[in-house]
Amino acid sequence: WMVSIQVPTANGSLHICGGSLITPHWVLTAAHCFVGQNFTTDWFVMVGITDLARANSETQKRWIRQVVVHEYYTSISGGFDIALLELDQPVQCGYHVQLACLPDATLRLSQLSECFVSGWGATEARSESGASSPSALQEAKVPLINVKLCNSSQWYRGAIKRHNLCAGYPQGGIDTCQGDSSGPLMCREKRANFYWVVGLTSWGRGCARAKKPGVYTSTQHFHDWILYQLRTFRSAAASATPPTWSHQHVSHTPVQETMPAPTASSTSGFCYFPVRVLLEFITRVQELLQALRGEKS
């Protein structure tokens, strides 16, 4: 589900932000990647790619048809740093292209195990070393940090909003950095081999500094907002409403509903359950049956 948002340049293109594919038509990202960034209709998304210098058989390029920014977003310091991108054509799912799972209010983050961030951002703070961004997708393990601790006087001093998450290490050393914006914060389900995208990379003070971990927009907090926007624009498409281009779409307050936890199949209605997961399940069942037969004999 990891995507690269890119802008054209005289020499080709430039990666600016990450994002998560949540349906074949929609990408979840951060508002600050678009508001005030001179967004134009020639920006595009690369899907199914890990090395930006080398495409593979499942790499797909899609143009951005529309940007939907949260109606309360004004600046990155004000919070509500979340947006949706509508793609001009649906993405084809495959072995290397799948949809992100988003948590609803019933999921307890404390019950999740290890968490990771990923992106094509700088491996060191550019202001300190002038480090360039790698072309290969990077990944790092970062534990969640208690929000109250993260907001304490020696840390972020009240700058963390109620819809933020913090992840990283008290001593620093490992963190997201420039170019990792709006990439996913992913936590693994303890008893299953799949991940929830629980956050979007939003901001931080420097990179990998002590007591200044990465700050993320909680996807769980905005779960109903996301579903409301998807329903709204699907209804508009069904009624043949022409698309509109805008830096910011002002939407109405979402209606709170009780929704089941979305999965890769239930969120979109288009992509099938990953074949590899089904095969893994069948293999485990076969192994269990063989073990039981062995005990009986």
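FYI, side chains are in, hydrogens and waters are out, and symmetry mates aren't considered; it's all heavy atoms of this structure.
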Give the intermediate values and the outcome of side-chain contact (heavy atoms from CB on, under 4.5 Å) for residues Phe233 and Gln66. CA-CA 10 Å; Phe233 286 96; Gln66 185 169 205; 3.5 Å; yes
Donor-acceptor check, side chain of [X] to backbone of [Y], threshold 3.5 angstrom: yes or no?
| X | Y | result |
| --- | --- | --- |
| Gln111 | Leu107 | no |
| Ser182 | Gly18 | yes |
| Asn151 | Ala159 | yes |
| Tyr169 | Asp175 | no |
| Lys212 | Trp155 | yes |
| Ser113 | Arg188 | yes |
| Asn56 | Gly48 | yes |
| Tyr228 | Arg231 | no |

Filter on side-chain hydrogen bond (donor to acceptor under 3.5 Å, both in side chains), then keep only pairs touching residues 1-16, sequence neighbours left out; what's left?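 Sorted pair list: Ser4-Gln6, Ser4-His15, Gln6-Ser13.
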If we count only N and O atoms by modelled type, under 3.5 Å, do the side chains of [X] and [Y] hold a donor and an acceptor together?
| X | Y | value |
| --- | --- | --- |
| Gln60 | Arg62 | yes |
| Asp180 | Thr201 | no |
| His32 | Ser181 | yes |
| Asp51 | Ser135 | yes |

To the nearest 0.5 Å, what is the distance between [atom1] on [X] and [atom2] on [Y]?
| X | Y | atom1 | atom2 | value |
| --- | --- | --- | --- | --- |
| Gln92 | Glu58 | CD | CD | 10.5 Å |
| Gln37 | Trp43 | CD | CH2 | 6.0 Å |
| Thr50 | Met46 | OG1 | CE | 11.0 Å |
| Ile64 | Leu84 | CD1 | CG | 12.0 Å |
| Leu230 | Trp26 | CG | CH2 | 6.5 Å |
| Arg65 | Leu87 | CZ | CG | 10.5 Å |

I want to check something: taking the side chain as every heavy atom from C-beta on, are [X] and [Y] in contact at a cut-off of under 4.5 Å?
| X | Y | answer |
| --- | --- | --- |
| Val197 | Leu185 | no |
| Val47 | Thr59 | no |
| Leu200 | Pro184 | no |
| Cys93 | Leu99 | yes |
| Val91 | Val97 | yes |

Would you name the heavy atoms of [X] and [Y] that are closest together and state the gap between them?
| X | Y | value |
| --- | --- | --- |
| Asp42 | Trp63 | O-CZ3, 3.3 Å |
| Ala55 | Ile49 | CA-CD1, 4.1 Å |
| Met186 | Ser118 | CE-OG, 3.5 Å |
| Gln178 | Cys207 | OE1-SG, 3.4 Å |
| Cys150 | Pro213 | SG-CG, 3.8 Å |
| Val3 | Trp120 | O-CZ3, 3.5 Å |

Using the side chain to side chain donor-acceptor pair (under 3.5 Å) rule, take Thr217 and Asp81 through it: C-alpha gap first, then chi angles, then the decisive distance, then the call. CA-CA 6 Å; Thr217 301; Asp81 189 15; 4.6 Å; no
CA sep, side-chain torsions, deciding dist, call: Ile5, Phe34, side-chain contact (heavy atoms from CB on, under 4.5 Å): CA-CA 10 Å; Ile5 301 170; Phe34 293 87; 4.1 Å; yes
Which side-chain N or O atoms in residues 136-149 pair as donor and acceptor under 3.5 Å with protein atoms at least two apart or in another chain?
from, atom 1, to, atom 2, distance (Å)
Gln138, NE2, Ala136, O, 2.9
Lys141, NZ, Glu114, OE1, 3.3
Asn146, OD1, Lys148, N, 2.8
Asn146, OD1, Leu149, N, 3.1

Ring-plane angle category for Phe116 and Tyr195, please: parallel below 30°, perpendicular beyond 60°, tilted otherwise.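 Geometry flag for Tyr195 against Phe116: perpendicular rings.
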Parallel, tilted or perpendicular for His70 and Phe222, by the 30°/60° rule?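 Perpendicular, since the angle between the ring planes exceeds 60°.
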Got a sec: does the CD of Gln171 have more than 12 other heavy atoms crowding it under 6.0 Å?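 Enclosed.
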Disulfide bond (SG atoms under 2.5 Å apart) pairs, two or more places apart, involving residues 4-41: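 Sorted pair list: Cys17-Cys33.
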Cluster check Leu28, Phe39: I/L/V/M/F/W/Y, side chain < 4.5 angstrom: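 Linked, Leu28 and Phe39 end up in one cluster.
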Trp225/Phe80 aromatic ring centres below 6.0 Å: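 That pair fails the under 6.0 Å test.
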For Trp203 together with Tyr216, are the ring centres under 6.0 Å from each other?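 No, ring centres 6.0 Å or more apart.
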Taking Trp196 as the fixed residue, which of Leu102, Leu112, Thr219, Leu109 is the one that meets the side-chain contact (heavy atoms from CB on, under 4.5 Å) rule?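 Considering Leu102, Leu112, Thr219, Leu109, a side-chain contact (heavy atoms from CB on, under 4.5 Å) with Trp196 is found only for Leu112.
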